[in-house]
Amino acid sequence: MKLLKALVRRPSPQHQNGLLTHLTRSETDPDLALAQWEDYCDILRDHAEVIEVEPAPEYADSVYIEDTAFVYGNTAVMTKLRYPSRQPEHAAVEETLKGLGLEIKRLADWSYLEGGDILKFDDTIWVGLSTRSDLEGVQWLEKALADYAPTVIPVPVQHALHLKSAITALPDGTFLAHPKYAPPESYFPGYRRAPEFEGSQVVLLGDNKVLLSASAPETADMLKADGFDVYTTPMTEFEKTEGCVTCLSIRIRQ
Ligand SMILES: CN(C)C(=N)NCCC[C@H](N)C(=O)O
């Protein structure tokens, strides 16, 4: 599937105060974070139209735009962020998606679902049941996308923040996972093991091209040897607040 557009959001100067679930806090460098974000956007720009959503400097985690919405076909589903500190992030993203002509759908107020838990490949969507997303969220996502009737598979996530923290899809329809943190293999067809945790997080750039963190050189070598076109980019400042390459964009594909 071709990558058409990617929405991104500039990191907040308060990015280092972002939520942490599994890591202990370590200092991040705001200038380096901005430089890494710009490098990431440059790579996306070579493959798609990159659209910058109005920055939200007051919200520490706003750079993790993936969590706020999920686009499928002509529909943008506004997710339901679990923590109040992140909930105001939705508004400007919704405005931008509306401006692109997408039909906006919402979930029930009592449900929770974050974009990092939504993993799509072709007509199937795997949804992580993590500390951030629940079964109500999965059911409302299914309702919102009823016109497309995708196959929706809830998957337990126990050891990672989001589903896509530990498993993502490759262009050939196999999955790249870190066995210690990813959900059981039985949920996914064709499971490859990423040698590094950060290596299990990839963004598909179109054709055979994949983008992953420079923190995962062994995974990059493995994917190259398996015939993928591999792009890497430094992500250290985002990894310190449990972010990764997928979290920094909302991808719109054809
Ligand atoms: C796939 N992943 C990990 C994401 N889509 N989001 C990361 C959010 C990190 C943020 N500090 C938080 O805890 O919300």
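All ligand and atom numbering here is 1-based and tracks the order in the structure. All values below come from the heavy atoms of this structure, side chains included, with hydrogens, waters and symmetry mates left out.
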Report task. May I ask you to check whether Gln36 and Thr236 show a side-chain donor-acceptor distance below 3.5 Å? Result -> yes
Query raised in the report: Hey, are Ser249 and Arg251 close enough side-chain-wise for a donor-acceptor pair under 3.5 Å?
Result: yes
If the cut-off is 4.0 Å to any non-hydrogen atom of [X], which atoms of ligand 1 fall inside it?
{"X": "Glu66", "value": "1 (C), 4 (C), 5 (N)"}
{"X": "Thr246", "value": "1 (C)"}
{"X": "Cys247", "value": "1 (C), 2 (N), 3 (C), 4 (C), 5 (N), 6 (N), 7 (C)"}
{"X": "Gly116", "value": "1 (C), 5 (N)"}
{"X": "Ser165", "value": "3 (C)"}

So which protein heavy atom does [atom] come closest to, and at what separation?
{"atom": "atom 9 (C) of ligand 1", "value": "Thr241 O, 3.4 Å"}
{"atom": "atom 10 (C) of ligand 1", "value": "Asp61 OD1, 3.3 Å"}
{"atom": "atom 8 (C) of ligand 1", "value": "Asp67 OD2, 3.4 Å"}
{"atom": "atom 7 (C) of ligand 1", "value": "Glu242 O, 3.4 Å"}

Below 4.0 Å from ligand 1: does a non-hydrogen atom of [X] turn up there or not?
{"X": "Thr21", "value": "no"}
{"X": "Gly115", "value": "no"}
{"X": "Arg132", "value": "yes"}

Requested in this report: Identify, with sequence neighbours excluded, every residue that meets side chain to side chain donor-acceptor pair (under 3.5 Å) alongside Glu52.
Outcome: Arg10
Query raised in the report: Between Gln201 and ligand 1, which part of the residue brings a heavy atom under 4.0 Å of the ligand: side chain, backbone, both or neither?
Result: neither
Requested in this report: Record the part of Leu19 in heavy-atom contact with ligand 1 below 4.0 Å; permitted values are side chain, backbone, both and neither.
Outcome: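 Near ligand 1, Leu19 shows its backbone as well as its side chain.
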Report summary line: Apart from Tyr83 itself, members of its ILVMFWY cluster (side-chain separation under 4.5 Å) are Leu19
Query raised in the report: Between Arg193 and Leu176, is there a donor-acceptor pair closer than 3.5 Å when you use the side chain of the first and the backbone of the second?
Result: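 A pair under 3.5 Å: no.
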Query - Phe188 ring center within less than 6.0 Å of Trp126 ring center - result: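 Yes, the ring of Trp126 comes within the 6.0 Å limit of the ring of Phe188, centre to centre.
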Requested in this report: Determine the minimum heavy-atom distance between Phe238 and Ala33, stating which atoms define it.
Outcome: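 The answer is CZ-O, 3.3 Å.
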Report task. Decide if atom CG of Asp123 counts as having more than 12 heavy atoms of other residues, nucleotides or ligands within a radius under 6.0 Å. Result ->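 For Asp123, atom CG is not crowded (no more than 12 foreign heavy atoms under 6.0 Å).
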Query raised in the report: Considering the options Leu81, Thr79, Thr68, which one meets the side chain to side chain contact (heavy atoms under 4.5 Å, CB included) requirement together with Glu114?
Result: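 Only one option passes, and that is Leu81.
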